[in-house]
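Excluded from the calculations below are hydrogen atoms, water molecules and symmetry mates; all remaining heavy atoms, backbone and side chain alike, are included.
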Amino acid sequence: MKKKFVIAVIAIIAALVLLVPIPLYLKDGGSVKYKALLYEVTNYHMLAGIPESLGAAYVDGLEIKILGFTVYRSPDVKAFFAQGQAVPQVSASPSATGDTPQPLTQDSEEMLKEGINRFAFEMYSELEEGENIFFSPYSICSALSVLNLGTGTDTKAELENVLGITDFDIWNAGMQSYLYKTYSDDTYVTTANSLWLQEDKEWAENMNANFLEPAREYYRGTVEELNFRERPEEAITRMNTWAEENTDGMIPRVINDIDPNTVMVLMNAVYFEGKWETPFLEDDTHERIFHGTDGDVTTDMMHLWDQEFAYIEMFGIKGIALPYKDSNIVMKVFLPLEEELGIPADSSVNYTYGMDMEGLFNALSTEEKQKLLDSLDTAEKEELARIVLPKFTMEYEVNDFTELLQNMGIESAFLENADLDQIAADVYVSQALHKAKIEVDENGTRAAAVTAIITNDGAALPMEPPKEFVADRPFIYVIQDTETGIILFMGRMNNPE
């Protein structure tokens, strides 16, 4: 009877934990409000959760008590808190200590915008032509920024040149501030970073101070030990579970196999959800012909009628900005003009009437591409008689973009003598993965991306006809935070699937 009573009490407490935030008391005596989640990892259960002040977190060496009951205890909690633990303890993030990161300064905002957007344009030009693409330059740059904390000399110079970092401290402070940006319930971006370290690896003497603490402070990076060598499937499951949790289930699997020589995996996950400020009506979604690069195809096309949006015509391209509700985030969509308009006389681009969107965009310089995007931020709203956009879901994966990064100028990080000495003396980047997904429908957009970097050991004018924006042919689009100018996601739609 007594045993049944105890089991019943524990069951009630567990149910309450899953439903309401309550104070949890940590081993070190601290207390945070914690909304717990119960989930299964490989062959055993762990109780982990989402501290309101920290975001998603899983902390090795943590013991959690609720009403005096130990509901979670790391298997290695004693070893973790003993002298000489394998994974160095890291300091709390600013929000955990009560310090609020400073808002983005003008210097950091300009550096992030210029660096991430230039990276976006260069990566776009490196990706294979002719197919649909979708990726998050913000996610990739975030992952590379964390890696940059552990580099030195040549490798650091290459990374910072490609990312556009002219001041290390200003860049990191800017990335930190952007992580803590507040959003509405209707439109928001979440970012998570994690470091997965090989058990029993001999790390650099000052790895904690030089790498783990800055990763925690500036990028809210969580740290966990895994055994890639002896329990690879367990490690893969844990990392993929993290990716799924931090992308609201959109990306359930990123890593399919792991090299036994792997000693660290650095992961970034970005999730975006936004409701249109002016939603499309489902009754106005009809099948139409999309004139793709692979030929005409019938697909669901969404329609809006007689609406005002920011609209531009320049460089032989027309563009529209579709805002998301209660935010500074917009989707910018670009199509070729039906006729040559807005082409500057001093432009070096040789425009040809009827040129496709890909050709027009690739012909622009980096400065012209940025000008194209920026012009929609200051453009007057125009009434458009008809706006047509396909309803689509797209997944895009770059299984290994190490060659792409090498082409962009990051070379030494992939050599066995790479300078990642702040992490360990004998590690190098062996693989870089990126997976992204977008869903666009009448109500809005969901988008997610995960980046994994794996390191191994070794005058009054006449009336004009009404303007329309009919995206029934290949188009380029970006999801951009117009407050900072950062491109969060970028894609190309050539052929609806």
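Side chain of T366 to main chain of R118: no donor-acceptor pair is present (N/O by atom type, distance under 3.5 Å, no hydrogens or angles). Counting only distance, with no hydrogens or angles, the side chain of S139 and the backbone of V450 share no donor-acceptor pair below 3.5 Å. Checked by atom type and distance alone, the side chain of N172 pairs as donor or acceptor with a backbone atom of F168 at under 3.5 Å. In this structure, W242 contributes its side chain and N193 its backbone to no donor-acceptor pair below 3.5 Å.
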- Query: Under the side chain to side chain donor-acceptor pair (under 3.5 Å) criterion, do S184 and D186 qualify, and how do the steps go?
  - Reply: CA-CA 5 Å; S184 71; D186 290 319; 5.0 Å; no
- Query: When you look at Y183 and I329, which way does the side chain to side chain contact (heavy atoms under 4.5 Å, CB included) test go after all the steps?
  - Reply: CA-CA 10 Å; Y183 296 94; I329 300 178; 3.9 Å; yes
- Residue pair T153, D419: steps toward the side chain to side chain donor-acceptor pair (under 3.5 Å) verdict: CA-CA 7 Å; T153 60; D419 186 357; 2.4 Å; yes
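Under a cut-off of 6.0 angstrom, the local environment of CD in E114 is sparse, with at most 12 non-hydrogen atoms contributed by other residues, nucleotides or ligands. Environment of CD in E403: sparse, with no more than 12 heavy atoms of neighbouring residues, nucleotides or ligands closer than 6.0 Å. With a 6.0 Å radius and a threshold of 12 heavy atoms from other residues, nucleotides or ligands, E397 has its CD atom above the threshold.
Note on ring orientation: taking the six-membered ring where Trp is involved, the planes of F489 and F272 are tilted (angle from 30° to 60°).
Here the closest heavy-atom approach between residue L389 and residue L322 is recorded as CD2-CD1, 4.1 Å. Across I236 and R253, no two heavy atoms sit closer than the pair CG2-NH2, 3.8 Å. Smallest separation of non-hydrogen atoms from I486 and Q480: O-CG, 3.4 Å.
With salt bridges taken as basic N to acidic carboxylate O contacts below 4.0 Å, one links D377 and K332. Here R229 does not pair with D457 in a salt bridge; the nearest charged N to carboxylate O distance is not below 4.0 Å. Here K156 pairs with E160 in a salt bridge; the nearest charged N to carboxylate O distance falls below 4.0 Å. A salt bridge does not link K325 to D185: none of the charged side-chain nitrogens sits closer than 4.0 Å to a carboxylate oxygen. A salt bridge does not link R473 with D356: none of the charged nitrogens is closer than 4.0 Å to a carboxylate oxygen.
Side-chain atoms of W171 and Y218, non-hydrogen and from C-beta on, never get closer than 4.5 Å to each other.
Applying the ring pair (Phe, Tyr, Trp, His ring centres under 6.0 Å) test between F361 and each of Y124, Y477, F475 identifies Y124 as the sole match.
Remark: the D107 side chain and the T105 side chain contain no N/O donor-acceptor pair separated by less than 3.5 Å. A donor atom on one side chain and an acceptor atom on the other are found under 3.5 Å apart for T151 and N148.
The cationic atom of R220 (NZ for Lys, CZ for Arg) lies less than 6.0 Å from the six-membered ring centre of Y180 and within 45° of the ring axis. With a 6.0 Å cutoff to the six-membered ring centre and a 45° limit on the axis angle, K318 does not count as a cation-pi contact of Y311.
Ring pair F309/F469: centre-to-centre distance not below 6.0 Å.
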